[in-house]
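FYI, side chains are in, hydrogens and waters are out, and symmetry mates aren't considered; it's all heavy atoms of this structure. Below, chain A is the first sequence line, B the second, and so on; all start at residue 1.
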Amino acid sequence: MLDIKLIQNDFENVCKKLRKKNVNEDIIESLKEISLKLKSKRAELEPLQAEQNASSKLFGVWAREGKDISELKARLSQNKEKIATLSKDVKELEERLSNLALTIPNLPDDIVPQGKDENDNIEIKKVLTPPTFDFKPKEHWEISENWIDFQRGVKLSKSRFSVLKNEAAKLERALINYMLDFNTKRGFKEVAVPYIVNRETLTGTGQLPKFEDDLFKIEGEELFLIPTAEVPVTNLFRDEIISEDELPIKMTSYTACFRKEAGSAGRDTRGMIRQHQFDKVELVCITKPEDSDRIFNEMVKCASDLLSSLGLAHRHLMLCGGDLGFGAAKTVDLEAWFPGQDRYREISSISNTRDFQARRAKIRYKDGKKNRLVHTLNGSSLAVGRTLISIMENYQKADGSIEIPKVLKSYM
RNA sequence: GGACAGGUGGGUGAGUUGGCUGAAACCACAUCCCUGCUAAGGAUGCGUACUGGUAACGGUACCGAGGGUUCGAAUCCCUCCCUGUCCGCCA
């Protein structure tokens, strides 16, 4: 959620920044309007309430002393009606304000490049060189007979579900453990969290109210399957005031993730790139505002080093405004090289949401005497399924076998 | 899922014939004083959000959530949520 005061005081600047994210500024205009209207209504209401409170106290005193209270009572009853009308207005405005505010995305940082979509993202750097093959490398689904069973995944569930077998199942497990250990060594504390969460939790991180269609909802309950560990892990501190010396809080968590992939019809229908259920090891950090850029770089480096340690060539991309997610102020994507597809594909995404989620989720810390919003950051380190198939494509041999990266051998 | 008991500030916990309680007391915490050494004592401060004011200092709202009764509710009524205990069920 954006800071309403910022919208009131620096309207032009907010609009300018949101334009970069392709947001219609009419919405901001009406947000500003409602907030101002609300403020003036409140200014009308509160003195009346003050009077009512004072007179009601008097009422009690007079009644005890046996004074005549009929006139006072009449006045209070009248005032009561005015208050009722006004509070109804205030309440309505509050609701409209929060409904609107909850649907407006975060402001992008100034360094975020202008751009419409993924084609305008900026490559920052490449790490490692893609391997060369003396045969034509296959795509992962062509070398996966004994590893991934797509048909039976569909039989059990529906399209975009798959089953891992034999070495693949084992490799998946090895990757999860390896990634968690890797992240833990860098100071991220491991947490294991629920995969099913409520509406407040999803609102805190920004998935709701706007993106309900992307989520699997539990029938008959106000509960949803998590689309990423970012949701439960960040919300661990929802409605809490953290003491300053606990920051930064650096966490890593393995979870399964569930996404409807609404709107991606026809994209990546083949293979395991885009599934409704996938495993991911996530990094989440809660920091003081002044530390969040530093921690952001740490997270990017952690994920990038993790890829390097697996011998996977990859590149860093700075996402442009148009490709930036709803809550992100800045995002760096890591794309791993997929020889079979002959291209880089996203395998990690690290975002700084600054105080956007913190304001929604009311995550604050005590800065001396004052409570201030924290910054929250999240990033994959890494998407396990995509890492698995990246390994398959990068480590394939002419005879169709697949080598296991050195660092994983002790995990198999 | 059924029965009963509860949900108050960072913690413990008063407050249940509605008004003087936004909330006692204790603990924790912060600053200061005394003392002087791995102690004790004393003073003051210490919820959150919005809002007025340069500030001092005020106002409003919040005692699980939402509604209701009333001039006035933490205190009464309704709905929901959660926790504990017992029972049932289950990896």
> Pick from A:D109, A:D110, A:D10: which one makes a salt bridge (Lys or Arg N to Asp or Glu O under 4.0 Å) with A:K17?
Replying inline: A:D110

Does any nucleotide pair with [N] by Watson-Crick or G-U wobble geometry, both distances under 3.5 Å, and what is it?
{"N": "B:C50", "result": "B:G59"}
{"N": "B:G18", "result": "none"}
{"N": "B:U44", "result": "B:A30"}
{"N": "B:A39", "result": "none"}
{"N": "B:C4", "result": "B:G84"}

> Between A:Y254 and A:K280, is there a cation-pi geometry (under 6.0 Å to ring centre, at most 45° from the normal)?
Replying inline: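 Not satisfied by the 6.0 Å and 45° rule.
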
Using a strict 4.0 Å threshold on nitrogen-to-oxygen distance, state whether [X] and [Y] make a salt bridge.
{"X": "A:R372", "Y": "A:D355", "answer": "no"}
{"X": "A:D293", "Y": "A:K330", "answer": "yes"}
{"X": "A:E335", "Y": "A:R315", "answer": "yes"}
{"X": "A:E393", "Y": "A:K138", "answer": "no"}

Using atom [atom1] of each nucleotide, how far apart are [N] and [M] to the nearest Å?
{"N": "B:G22", "M": "B:G36", "atom1": "C1'", "answer": "41 Å"}
{"N": "B:A24", "M": "B:G15", "atom1": "P", "answer": "14 Å"}
{"N": "B:U12", "M": "B:C89", "atom1": "C1'", "answer": "36 Å"}

> Under the side chain to side chain donor-acceptor pair (under 3.5 Å) rule, what pairs show up with a residue in residues 30-47 of chain A, not counting sequence neighbours?
Replying inline: A:Q8-A:S35, A:K41-A:D89, A:R42-A:E94

Using atom types as modelled, flag every donor-acceptor pair under 3.5 Å from a side chain in residues 47-55 of chain A to any protein atom, sequence neighbours excluded.
unit_1, atom_1, unit_2, atom_2, d
A:Q52, OE1, A:N79, ND2, 3.0
A:Q52, NE2, A:L76, O, 3.2
A:N53, ND2, A:Q49, O, 3.4
A:S55, OG, A:E51, O, 3.0
A:S55, OG, A:R75, NH2, 3.4

Expressed in angstrom and rounded to an integer, what is the separation of [X] atom [atom1] from [N] atom [atom2]?
{"X": "A:N198", "N": "B:C80", "atom1": "CG", "atom2": "C1'", "result": "14 Å"}
{"X": "A:K73", "N": "B:C71", "atom1": "NZ", "atom2": "C1'", "result": "7 Å"}
{"X": "A:I242", "N": "B:C29", "atom1": "CD1", "atom2": "P", "result": "20 Å"}
{"X": "A:L97", "N": "B:U51", "atom1": "CG", "atom2": "P", "result": "11 Å"}
{"X": "A:D239", "N": "B:G64", "atom1": "CG", "atom2": "P", "result": "15 Å"}

> If you look at every strand shown and take non-hydrogen atoms under 4.0 Å, does A:K39 touch a base, only sugar-phosphate, or nothing?
Replying inline: sugar-phosphate

> Base, sugar-phosphate alone, or nothing: which one does A:R42 contact when heavy atoms must sit under 4.0 Å apart?
Replying inline: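 Sugar-phosphate, backbone atoms only, no base.
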
> Please, which pairs that meet ring-ring contact (aromatic ring centres under 6.0 Å, His included) have at least one residue in residues 213-238 of chain A, sequence neighbours excluded?
Replying inline: A:F216-A:H276

> Which pairs with one or both residues in residues 297-323 of chain A pass ring-ring contact (aromatic ring centres under 6.0 Å, His included), sequence neighbours excluded?
Replying inline: A:H314-A:H316

Please write out the pairs of protein N or O atoms and N or O atoms of nucleotides 59-61 of chain B separated by less than 3.5 Å, giving the distance to one decimal.
unit_1, atom_1, unit_2, atom_2, d
B:G59, N2, A:E46, OE1, 3.2
B:U60, OP1, A:N53, ND2, 3.3
B:U60, O3', A:Q49, OE1, 3.3
B:U60, O2', A:Q49, OE1, 2.8
B:A61, OP2, A:N53, ND2, 3.3

Heteroatom pairs (N/O) under 3.5 angstrom, protein to nucleotides 44-49 of chain B:
unit_1, atom_1, unit_2, atom_2, d
B:U48, OP1, A:K366, NZ, 2.9
B:U48, OP1, A:N371, ND2, 2.9
B:U48, O3', A:R364, NH1, 2.9
B:A49, OP1, A:R364, NH1, 3.2

>> Need to verify one output field. Residue with the more 5' nearest nucleotide on RNA chain B, A:Q8 or A:K80?
In response: A:Q8

